[in-house]
Amino acid sequence: MNPETPKLSVVVGTYNRLDQIQRCVESILRETTTPFVLFITDAGSTDGTVEYLESIRSDVIKPFLVGKLLGQAKAYNDVFALVTTPYVCWLSDDNVVVNRGLDVAVEILEDDQRIGMVGLKTCDVQGPFVDAPYIGGISEIGILNVNQGMLTTPVLKKVTGFSEAFRDYGIDPDLTAKVLFSGY
């Protein structure tokens with residue numbers, strides 16, 4: 001990990017999924033060379049996750065121990081409010097970063113200011129998408145639907161993050177639509 005000033009904030013939410021969050025964190029550390037800070041928001045896990053997060057707390061890894069279920073949208077938005085890096089992304093705890101995915105996304109956003117958001121190529125470690133090369137795609141109405149993505153922090157602030165009206169599901173395509181309607 002490069003000790004430079006962070007360029008990227010990575011936000012991951014978790015709740016009682018110790019094995020998944022460990023794999024996710026290890027993949028971020030292994031696959032990412034862009035200087036980053038990792039925020040992990042936890043809703044009050046009782047399976048050893050909180051103890052694990054405390055054990056890896058550092059200048060780079062910052063557990064955000066909420067202690068109760070807020071819903072994904074609010075949990076992510078609360079952490080987004082703390083972000084000061086030029087770029088921010090969100091991941092699910094059951095994703096692993098592959099093929100320098102976060103570095104590539106930063107490069108794409110740096111190369112073309114017209115792009116407001118990038119869908120991240122990650123690998124699911126459980127569920128129906130385990131064998132998929134990446135998660136997400138363009139919906140029938142032309143909206144990018146991703147379960148994880150990256151955008152510039154100014155774009156995130158402009159579109160005000162995730163809609164908390166959706167709480168858990170539907171937050172990703174809603175955010176994408178807001179980015180598109182903002183002219184990106």
Side-chain angles (χ1 to χ4, degrees), residues 1 6 8-32 34-85 87-98 101-102 105 117 119-130 132 134-136 145-151 153 156-157 159-176 178:
M1 179 64 216
L8 169 65
S9 291
V10 181
V11 182
V12 181
T14 193
Y15 178 65
N16 280 336
R17 296 188 349 161
L18 177 59
D19 291 344
Q20 287 93 334
I21 193 64
Q22 287 173 322
R23 279 191 296 266
C24 181
V25 169
E26 289 166 7
S27 75
I28 294 165
L29 294 171
R30 180 181 59 249
E31 295 288 331
T32 310
T34 301
F36 68 88
V37 60
L38 171 58
F39 294 95
I40 305 168
T41 178
D42 181 86
S45 294
T46 58
D47 67 344
T49 298
V50 170
E51 293 79 6
Y52 165 71
L53 295 177
E54 286 293 358
S55 76
I56 62 171
R57 182 185 293 273
S58 69
D59 291 340
V60 173
I61 301 173
K62 300 180 181 288
F64 196 72
L65 305 175
V66 179
K68 61 183 176 181
L69 293 169
L70 301 174
Q72 287 182 334
K74 177 150 180 50
Y76 282 125
N77 285 343
D78 286 353
V79 177
F80 289 159
L82 306 173
V83 169
T84 60
T85 57
Y87 303 96
V88 61
C89 73
W90 74 97
L91 296 171
S92 297
D93 60 3
D94 62 350
N95 297 143
V96 292
V97 176
V98 294
L102 302 183
M117 186 168 80
L120 297 173
K121 286 190 173 187
T122 62
C123 180
D124 248 356
V125 296
Q126 70 177 29
F129 301 108
V130 166
Y134 66 94
I135 302 168
N145 183 18
V146 298
N147 292 330
Q148 55 283 318
M150 183 183 296
L151 58 170
T153 300
L156 176 69
K157 303 286 184 187
V159 301
T160 67
F162 288 120
S163 171
E164 294 178 20
F166 292 105
R167 184 172 165 87
D168 293 315
Y169 297 101
I171 63 176
D172 309 306
D174 176 71
L175 179 65
T176 304
K178 292 192 299 188

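To the nearest 0.5 Å, atoms CZ (F64) and CG (D42) are separated by 11.5 Å. To the nearest 0.5 Å, atoms CG (D78) and CZ (F39) are separated by 12.5 Å. Atom CG of L70 is separated from atom CD of E164 by 9.0 Å, given to the nearest 0.5 angstrom. Expressed to the nearest 0.5 Å, how far OH of Y15 lies from CG of L69 amounts to 5.0 Å.
The minimum heavy-atom distance between L65 and R57, with the atom names listed, is CD1-NH2, 4.0 Å. Heavy-atom minimum distance, L91 versus Y76: O-OH, 2.7 Å. Closest non-hydrogen pair, M117 versus W90, comes out as SD-CH2, 3.7 Å. Across all their heavy atoms, I61 and P63 have their closest contact at O-CD, 3.4 Å. E31 approaches V97 most closely through the heavy-atom pair CG-O, 3.3 Å.
Listed by chain and residue number, nothing satisfies the side chain to side chain donor-acceptor pair (under 3.5 Å) test with E51 (two or more places apart in sequence, or in another chain). Legend: residues meeting side chain to side chain donor-acceptor pair (under 3.5 Å) with S27, ordered by chain and number and at least two apart, are absent.
Between the side chain of T176 and the main chain of D172, a donor-acceptor pair closer than 3.5 Å is present. No donor-acceptor pair closer than 3.5 Å links the side chain of S92 to the backbone N or O of N95. Using modelled atom types, no side-chain atom of T49 and backbone atom of S45 make a donor-acceptor pair closer than 3.5 Å. A distance-only check finds no donor-acceptor pair linking the side chain of K68 to the backbone of A43 [under 3.5 Å]. A donor-acceptor pair under 3.5 Å is formed between the side chain of N77 and the backbone N or O of F162. Between the side chain of K178 and the backbone N or O of G161, at least one donor-acceptor pair lies under 3.5 Å. Panel note: side chain T32, backbone T34; no donor-acceptor pair is recorded below 3.5 Å. A donor-acceptor pair under 3.5 Å links the side-chain atoms of D47 to the main chain of R17, judged by distance alone. When atom types are taken as modelled, the side chain of N16 and the backbone of T46 share a donor-acceptor pair closer than 3.5 angstrom. Using modelled atom types, no side-chain atom of K74 and backbone atom of S163 make a donor-acceptor pair closer than 3.5 Å.
Looking at T153, T85, T84 one by one, the single match for side-chain hydrogen bond (donor to acceptor under 3.5 Å, both in side chains) with S9 turns out to be T85. For the side chain to side chain contact (heavy atoms under 4.5 Å, CB included) test with C24, the passing option among V12, V10, I40, T14 is V12; the others fail.
Side-chain contact between L151 and Y87: absent, with no pair of heavy atoms (C-beta onward) separated by less than 4.5 Å. You'll find the side chain of K62 stays beyond 4.5 Å of the side chain of L38, heavy atoms only.
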- Message: The test is side chain to side chain contact (heavy atoms under 4.5 Å, CB included); show your working for C89 and L102 and say whether it passes.
- Response: CA-CA 8 Å; C89 73; L102 302 183; 3.9 Å; yes
- Query: When you look at V25 and I21, which way does the side chain to side chain contact (heavy atoms under 4.5 Å, CB included) test go after all the steps?
  - Reply: CA-CA 6 Å; V25 169; I21 193 64; 4.2 Å; yes
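Classification of R23 and D19 as a salt-bridged pair fails, no side-chain N sitting under 4.0 Å from a carboxylate O.
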